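What you are looking at is a predicted structure, and each value in this text was computed from that prediction instead of being measured. Note on naming: letters A, B, ... go to the chains in the order of the sequence lines (proteins, then strands), and numbering restarts at 1 for each one. Computed over heavy atoms, backbone and side chain alike; hydrogens, waters and symmetry mates excluded.
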2 protein chains.
Amino acid sequence: MRVPVERAMQVCPVEVAVSVLGGAWKLTLVKYLLEGTHRFGELGRRVPTANTKTLTRQLRELEQDGIVARKVFQQVPPKVEYSLTEWGLSLAPLVALMNEWGTAFVDSPPSSR
Amino acid sequence: MRVPVERAMQVCPVEVAVSVLGGAWKLTLVKYLLEGTHRFGELGRRVPTANTKTLTRQLRELEQDGIVARKVFQQVPPKVEYSLTEWGLSLAPLVALMNEWGTAFVDSPPSSR
DNA sequence: CAGTATCCTTCAAGATACTG
DNA sequence: CAGTATCTTGAAGGATACTG
């Protein structure tokens, strides 16, 4: 985490959001989870550039921040399901907006890029 | 920048937005610039936790990404004004949403925090 | 005033290999 | 299947001092 939430809130609320959601692939994971529950492996296949260690880390941080819920099924082979909490679901408008903005940005990038 | 834009777009548009805006204090700077043009020193006073080097770096990256415009007045003492480009202005709804979300998050954080 | 120039620390992210 | 365990590296961010 670049800036801890406690410190971010001293500065500005938007910084809090960045602190919670700014990690690599975090918002992408939220976007996929908005479609519904996913297993660990499914998420890994949808974010192929992240390896298992990175993926685990992001998901644990999101869980810690109350965005994601993790449900372990005690069975062999193991099964773990990830879903969104209420706080996670509340991100839907934000994710939609960022998705639009990002799409527009790559479609017609500023001349300086 | 954690993930280069070029790589982010391979994965997901939301990751592009994170890549452009995810740096420390970047979105806060945009938020202030939405209020109007600022001089370098003014921005520094509004984000007191960032030192001049960090501030310069963020502003230059935002300029490079076409979010911020930098206008130098050739005079002594020097004067530099920062403002938003069209792309920067287009972030207004996003910033507002993140500001709301961040505020709500610190007001009633999830029990896991 | 608006930065540079250095130096430094930390840590996120990835590569790779292994396990209950 | 869903992770750990190690190791490495790049770069972000900060502290401090200096300058046109």
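One finds the OG1 atom of Thr37(B) at 10.0 Å from the CG atom of Leu43(B) (value rounded to the nearest 0.5 Å). Rounding to the nearest 0.5 angstrom, the gap separating the CG atom in Leu33(B) from the CG atom in Leu27(B) is 11.0 Å. In this structure, CD on Gln58(B) lies 9.5 Å from CH2 on Trp25(B), to the nearest 0.5 angstrom. The SG atom of Cys12(B) sits 5.5 Å away from atom CG of Asn99(A), with the distance rounded to the nearest 0.5 Å.
Between Leu29(B) and Leu55(B) there is a side-chain heavy-atom pair separated by less than 4.5 Å. Contact annotation: the side chain of Phe105(A) approaches that of Pro110(A) to within less than 4.5 Å [non-hydrogen atoms, C-beta and beyond]. The closest side-chain heavy-atom distance from Lys26(A) to Leu21(A) is not below 4.5 Å.
Taking only side-chain nitrogens and oxygens, Arg7(B) never comes nearer than 4.0 Å to OP1 or OP2 of dA13(C). Taking 4.0 angstrom as the limit, Arg60(A) places a side-chain polar atom (N or O) nearer than this to OP1 or OP2 of dT4(D). Here Arg39(B) reaches the OP1 or OP2 of dA2(C): one of its side-chain N or O atoms lies under 4.0 Å away. For the pair Gln58(A) and dA13(C), the criterion of a side-chain N or O lying under 4.0 Å from OP1 or OP2 is met. Put simply, Arg70(A) has no side-chain N or O that comes within less than 4.0 Å of OP1 or OP2 on dA2(D). Phosphate proximity of dC1(C) to Tyr82(B): absent, as no side-chain N or O sits under 4.0 Å from OP1 or OP2.
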Indicate every side-chain donor-acceptor pair of residues 68-82 of chain B with a distance under 3.5 Å to a residue at least two apart or in another chain.
residue  : atom : partner  : partner atom : Å
Arg70(B) : NE   : Tyr82(B) : OH           : 3.3

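Taking atom CZ on Phe40(A) and atom C1' on dT4(D), their separation rounds to 11 Å, with Å as the unit. Distance Gln75(B) CD to dG3(C) P: 13 Å, rounded to the nearest Å. Rounded to whole Å, the distance from CG on Leu59(B) to C1' on dG3(C) is 11 Å.
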Return the polar atom pairs (N/O with N/O) between nucleotides 15-20 of chain C and the protein under 3.5 Å, or none.
residue : atom : partner  : partner atom : Å
dA15(C) : N7   : Asn51(A) : ND2          : 3.0

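Of the candidate nucleotides dG13(D), dG3(D), dG3(C), dG13(D) has the atom nearest to the side chain of Thr54(B).
Counting only Watson-Crick or G-U wobble pairs whose defining distances are both under 3.5 Å, the stems of 3 or more consecutive pairs in DNA chain C are C:1-20 with D:1-20.
Proximity of a side-chain donor or acceptor of Ser112(B) to a complementary backbone N or O of Gly66(A) within less than 3.5 Å is detected.
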